[in-house]
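Below is one structure, written out as structure tokens, with a few remarks after it.
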Amino acid sequence: MENSASGSFLRNRRLESFLETKSGPNVRETQKIPSKQVITRQRPNKTDAFVDDDGWIPTLISCVRIVTCYLAMMVTTFIWAIIMLMLLPWPSQRVRQGNIYGHVTGRLLMWILGNPLKIEGTEFSNERAIYICNHASPIDIFLIMWLTPTGTIGIAKKEIIWYPLFGQLYVLANHLRIDRSDPSTAIKSMKKAVQAVKKHGLSLIIFPEGTRSKNGRLLPFKKGFVHLAIESGLPIVPIILTGTHLAWRKGSLHVRPAPISVKYLPPIKTDSWTADNINDYIKMVHDIYVENLPEAQKPISTDDTKNSSRS
């Protein structure tokens with residue numbers, strides 16, 4: 001009996017040990033599952049994040065796209081150059097045809113580059129106004145060509161004439177160039193722009209920074225766009241560009257698939273502006289850009305806003 005009882009006791013102990021051995025890991029594994037789920041949820045979605053890849057394959061694709069853009073621009077520029085020459089006696093018609101060229105060419109080039117693009121505030125994109133835009137990449141030119149309304153005069157530095165294809169058509173389209181090294185000549189060009197705007201019912205497009213940002217961060221604004229607003233009485237429509245400095249950096253021939261955003265803001269009325277408060281107007285508009293740009297494109301120092309009235 002004792003042997004039978006002890007045998008039965010040992011068998012029960014072995015059975016309990018066996019059950020503990022089998023159930024123990026299952027309990028621990030069940031406890032690990034929630035932690036794995038949390039980690040999985042915290043991983044970034046690769047489709048939402050831009051990964052900067054400088055490998056040879058992306059570089060090769062970028063080169064092919066740039067060459068294709070150049071060839072496409074050659075074709076459209078040749079076609080519209082013929083149209084412009086036929087319209088030499090009619091300056092306002094050349095302006096409008098230049099805008100149509102920009103709509104076709106700009107949209108085509110952006111399609112070739114293939115960057116994801118988001119456009120907001122299009123209800124403000126057909127105003128008769130002075131359109132201003134931050135500038136950090138060659139892609140900004142393509143976007144402005146495409147997205148500014150028909151009947152808009154561009155104002156650029158005089159050196160634009162030396163840009164292959166685009167510069168020559170820019171002049172044919174009767175857009176304006178400014179000699180930034182000669183203030184008196186620049187003022188005359190501004191007055192000429194205002195006269196054309198009033199006479200033909202046109203709009204204006206200008207980069208208020210006066211040059212391209214090297215790192216994508218907003219630069220101080222020049223006074224030119226405020227003078228134009230005071231003289232013409234047109235409202236100002238700010239256009240906020242984000243991501244273009246990542247897509248095509250200054251001095252680089254590598255176009256990256258960074259997402260780009262274009263946002264039109266509501267028009268700013270200027271009919272009550274006076275020359276006595278130019279610096280205040282510059283700061284106000286500059287602050288609007290600072291509020292709407294992402295952190296990576298905001299000025300590094302708030303002093304940049306104060307310096308915006310120096311030029």
message: Checking Ile178 against Lys157 for the side-chain contact (heavy atoms from CB on, under 4.5 Å) test, could you report, in this order, the C-alpha distance in whole Å, the side-chain angles of both residues, the deciding distance, and whether it holds?
response: CA-CA 5 Å; Ile178 293 178; Lys157 58 185 180 181; over 6 Å; no
Quick one: closest heavy-atom pair of [X] and [Y], and the distance?
X      : Y      : result
Gly243 : Ala258 : O-CB, 4.2 Å
Arg96  : Leu202 : NH2-CD2, 3.9 Å
Val197 : Ser203 : CG2-O, 4.3 Å
Glu209 : Cys133 : OE1-O, 4.3 Å
Ala156 : Tyr170 : N-OH, 3.1 Å
Ile278 : His227 : CD1-CE1, 3.3 Å

Transitively linked via ILVMFWY side-chain contacts under 4.5 Å: [X] with [Y]?
X      : Y      : value
Phe78  : Val75  : no
Ile141 : Val67  : yes
Val64  : Ile61  : no
Leu71  : Leu113 : yes

Taking [X] for its side chain and [Y] for its backbone only, find out whether a donor-acceptor pair lies under 3.5 Å.
X      : Y      : value
Ser62  : Val255 : yes
Tyr163 : Glu159 : no
Glu120 : Val262 : no
Lys263 : Thr122 : no
His200 : Gln93  : no
Arg217 : Glu295 : yes
Ser125 : Gly121 : no
His175 : Gly154 : yes
Arg94  : Ala173 : no

Less than 4.5 Å apart, side chain to side chain, heavy atoms only: is that true for [X] and [Y]?
X      : Y      : value
Ile119 : Trp146 : yes
Val226 : Trp273 : yes
Pro208 : Ile132 : yes
Tyr289 : Lys298 : no
Pro164 : Met74  : no
Ile205 : Ile153 : no
Thr150 : His103 : yes
Met73  : Phe166 : yes

Once rounded to the nearest 0.5 Å, what's the spacing between atom [atom1] of [X] and atom [atom2] of [Y]?
X      : Y      : atom1 : atom2 : result
Ile282 : Asp287 : CD1   : CG    : 11.5 Å
Trp80  : Leu85  : CH2   : CG    : 14.5 Å
Arg65  : Trp111 : CZ    : CH2   : 10.0 Å
Ile240 : Leu265 : CD1   : CG    : 4.5 Å
Met84  : Thr77  : CE    : OG1   : 9.5 Å
Phe142 : Thr244 : CZ    : OG1   : 11.5 Å

Heavy atoms from other residues, nucleotides or ligands near CZ of Arg107 exceed 12 (cutoff 6.0 Å):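 No, not enclosed.
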field: Flag if over 12 foreign heavy atoms under 6.0 Å of CE, Met86
entry: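 Count not over threshold, so no.
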query: Can Gln297 and His245 be said to form a side-chain contact (heavy atoms from CB on, under 4.5 Å), step by step?
result: CA-CA 9 Å; Gln297 289 188 247; His245 68 296; 3.5 Å; yes
message: Before you tell me yes or no, could you show the steps for Tyr281 and Thr270 under side chain to side chain donor-acceptor pair (under 3.5 Å), namely the whole-Å CA-CA distance, both residues' side-chain angles and the distance that decides it to 0.1 Å?
response: CA-CA 9 Å; Tyr281 304 140; Thr270 65; over 6 Å; no
task: Identify the residue among Leu143, Leu246, Asp140, Thr242 that makes a side chain to side chain contact (heavy atoms under 4.5 Å, CB included) with Ile260.
output: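 Among Leu143, Leu246, Asp140, Thr242, the one that satisfies the side chain to side chain contact (heavy atoms under 4.5 Å, CB included) with Ile260 is Leu143.
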task: Just do the side-chain contact (heavy atoms from CB on, under 4.5 Å) check on Val290 and Leu293 with the steps written out, would you?
output: CA-CA 5 Å; Val290 173; Leu293 284 170; over 6 Å; no
message: Let's go through Asn99 and Thr152 carefully: what are the C-alpha distance in whole Å and the side-chain angles of both, what is the deciding distance for side chain to side chain donor-acceptor pair (under 3.5 Å) to 0.1 Å, and is it a yes or a no?
response: CA-CA 7 Å; Asn99 295 145; Thr152 302; 4.7 Å; no
- request: Check the pair Met284 / Ile268 against side-chain contact (heavy atoms from CB on, under 4.5 Å), numbers first and verdict last.
  value: CA-CA 10 Å; Met284 179 190 70; Ile268 302 169; 3.9 Å; yes
